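Okay, so here's the structure we're looking at.
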Amino acid sequence: MRCVRVCPTNAMTYINEEPVINEDECILCGKCYAICPHSAKEISSDLHLINTWLSSGEKVVLSVAPSFVRVFPSFKHLKESLYKKGFFAIDETSKGAMIVSEQYLSLMREGKMDNIISTCCPAIVDYVEKYYPDCVQYLAPVVSPMIAHAKELKKQYEGAKVIFLTPCIAKKKEILKREVSGIVDATISMEEMLNLLNEDFSQDVKDYDDEERLISRIYPSGGGILKTLPESDHYKMIHVEDIKNAKVLLEALSRGELHNYFIEMSACEHSCINGPLIVHMNDREYKALDIMEEEVKNAARVNSGELRDDLKIEYSPKKVEKPKHSEEEILDILYMMGKTNEELELNCGACGYETCRLKAIAVLEKKADINLCLPKALKDATSYSNLIISNTPNGIIVLDENLKIEEINPSAKRMLDVEDFSVIGLPIEMLLNDSGLLREIRQVHNVQYYKCDYEKYGLTIDHAIIRIRENNKIILILMDLTVEAMKEKTLSDIRRQTIEVTDQVIDDQMRTVQEIASLLGETTAKAKVALSKLKKELENE
């Protein structure tokens, strides 16, 4: 959900328990990627292409974004390692930035544009085109430093593959734009470059490896573009960082409130030195800023330049079209979210949307899960909990640290015959006066069970005794075993009676057997005498 909350365009949604990006609404600012603690988002990589070109002997030229100092303090060390890896040439994108600043200066001196917004940040360009199409007229019709530098490299190294070392995700999309397609052949992130070179650059001392001090090396810092330009008599010069701040300014421009402004605008807080592909290197941001500031001391600002046709680019509105929803449809969704009146629209933002109303619209657009609402979930959880406690047949009693009653549910009141008066604050022995139970309550560590009979209530109760250590509370769950106990007693009586009857039957049977045996004995003896006499008589004959 963190990624949904930080998405400035609500292109990041959460459906079926999975984050999903609406590509049409995404501006590739990279905020979701930077904030995700699970690395759920993967960035497309050109590394396989670059490795193929290097291994096949292609002429591979690298344009190094000036934010490289956050990862590679020594440009000299970086270049040495890159040459060993097979790169044909390495140069600083700062040189392209100088050309772009010259174009900006020419635009300001020309003075034809009401307001001018810098176009170095592709995420900002995308944001304006999609969400503030009426402000497209203010976008400086100039390519970015990456494109300007790549054009120069293509002229200098004919047939070369130009690679851009980037701190930014949006650059990956920029190189595919129809107007500049084929000028930059691939991009590589700072982290990919670290893995490719497999060296330790963290202990390097700053070293640009030349005597030239390019003012444009300050470009990646907040206000860096402005620092390369002289003051203007016609334009007020300001810089804005982060999409949320850009939104405020663009709203003002849309309302026609600002005139004669040159605006350096970047999607990232602190600009490119805090790009989404290097922002996780938290300990290096200020070190990098210090390196850049030191490097450009006394460096000359641009003071001349002409508008070049080969660096011109036209931007056009690409407004994101969204379906319109009736007020009734929105209110229906709000009602289903539990927002039955405006007071319940807490606009907490936990779902990722600024207001409950925007969340309802997102649900209608099938971009959001209606059930992902923190206040509603808490309310439902409390409601279900209360429902269960109020209706369970088991009695529940909560005791404080002094074993006094804090809470008691309806079932416990019925069991203990205290429905007609309050027992809150009474010692538990006032209701359950059993020495064994009190002993178990005082000694329990986690969970213990204790069963006893209460003649006073005519009940047999099994007690679950639970200690809640965080709150120093005791919870008693009273389970009425009276019916079970009576059934057990009845069964016990039946078993005893059955045994007695069985013993009597056995005794009677044994007597009968003995009597039969006695009678059989006498009969046998008489038969034997008679047969003996018969035998003798037969023998005498």
Side-chain angles (χ1 to χ4, degrees), residues 335 337-341 343-344 346 371 373-502:
Y335 187 86
M337 290 165 54
K339 316 299 179 182
T340 52
N341 58 60
E343 290 182 359
L344 294 175
L346 302 179
N371 296 312
C373 175
L374 183 60
K376 183 177 184 296
L378 292 172
K379 182 180 178 181
D380 287 347
T382 303
S383 175
Y384 293 144
S385 176
N386 289 338
L387 189 66
I388 292 168
I389 290 171
S390 297
N391 291 279
T392 178
N394 294 327
I396 299 176
I397 301 175
V398 180
L399 306 180
D400 65 15
E401 57 187 2
N402 298 315
L403 305 188
K404 291 184 178 180
I405 299 170
E406 276 196 357
E407 298 288 342
I408 182 168
N409 77 335
S411 292
K413 289 180 179 181
R414 284 194 297 271
M415 282 184 191
L416 307 179
D417 196 23
V418 291
E419 292 178 281
D420 297 333
F421 58 92
S422 174
V423 294
I424 303 300
L426 294 180
I428 188 59
E429 57 262 34
M430 294 287 289
L431 299 184
L432 301 174
N433 191 11
D434 182 90
S435 59
L437 173 65
L438 296 174
R439 182 178 62 254
E440 294 295 340
I441 289 174
R442 293 188 178 97
Q443 295 177 353
V444 67
H445 292 290
N446 294 307
V447 180
Q448 183 66 358
Y449 294 89
Y450 180 80
K451 185 168 73 172
C452 69
D453 298 321
Y454 292 97
E455 292 184 11
K456 176 181 178 181
Y457 305 117
L459 299 175
T460 298
I461 294 177
D462 192 8
H463 311 74
I465 310 163
I466 306 166
R467 181 178 292 279
I468 309 297
R469 295 188 176 278
E470 306 91 83
N471 301 322
N472 202 12
K473 309 289 184 189
I474 297 287
I475 296 177
L476 295 180
I477 300 177
L478 313 181
M479 295 164 279
D480 187 355
L481 301 183
T482 306
V483 174
E484 286 79 0
M486 290 179 66
K487 287 180 180 178
E488 182 62 33
K489 185 176 183 301
T490 300
L491 288 172
S492 180
D493 289 343
I494 291 171
R495 285 195 294 270
R496 179 180 53 75
Q497 292 171 9
T498 302
I499 290 171
E500 289 176 356
V501 170
T502 302

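Remember, it's a predicted structure, so these values are computed and weren't measured experimentally. FYI, the numbering just counts along the sequence from 1.
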Over all heavy atoms of both residues, which pair between [X] and [Y] is shortest? Give the atoms and the distance, please.
X: K339; Y: L344; value: CD-O, 3.2 Å
X: H463; Y: C452; value: CE1-SG, 3.6 Å
X: G436; Y: Y450; value: CA-OH, 3.4 Å

Pairs satisfying side chain to side chain donor-acceptor pair (under 3.5 Å), at least one member in [range], at least two apart:
range: residues 391-400; answer: none
range: residues 421-433; answer: none
range: residues 405-419; answer: E406-K473, S411-R414

Once you round to the nearest 0.5 Å, how far does [atom1] of [X] lie from [atom2] of [Y]?
X: E401; Y: N471; atom1: CD; atom2: CG; result: 11.0 Å
X: N472; Y: R467; atom1: CG; atom2: CZ; result: 6.5 Å
X: I474; Y: E440; atom1: CD1; atom2: CD; result: 11.5 Å
X: I466; Y: L476; atom1: CD1; atom2: CG; result: 8.5 Å
X: I397; Y: I405; atom1: CD1; atom2: CD1; result: 5.5 Å
X: I461; Y: L416; atom1: CD1; atom2: CG; result: 6.0 Å

Check whether R469 reaches the backbone of H445 with its side chain - one donor and one acceptor, N or O, closer than 3.5 Å.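 Indeed, once roles are kept as given, a pair shorter than 3.5 Å links the two residues.
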Are the side chain of T340 and the backbone of Y335 linked by a donor-acceptor contact shorter than 3.5 Å?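 Judged by distance alone, no pair lies under 3.5 Å.
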side-chain contact (heavy atoms from CB on, under 4.5 Å) partner of M415, the single match among L432, L478, L431: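 With M415 as partner, side-chain contact (heavy atoms from CB on, under 4.5 Å) holds for just one option, L478.
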Derivation of the side-chain contact (heavy atoms from CB on, under 4.5 Å) call for L438 and I428: CA-CA 9 Å; L438 296 174; I428 188 59; 3.8 Å; yes
How far apart are the C-alpha atoms of L437 and Y454, what are their side-chain angles, what is the distance that settles it, and do they pass the side-chain contact (heavy atoms from CB on, under 4.5 Å) test? CA-CA 12 Å; L437 173 65; Y454 292 97; 3.4 Å; yes
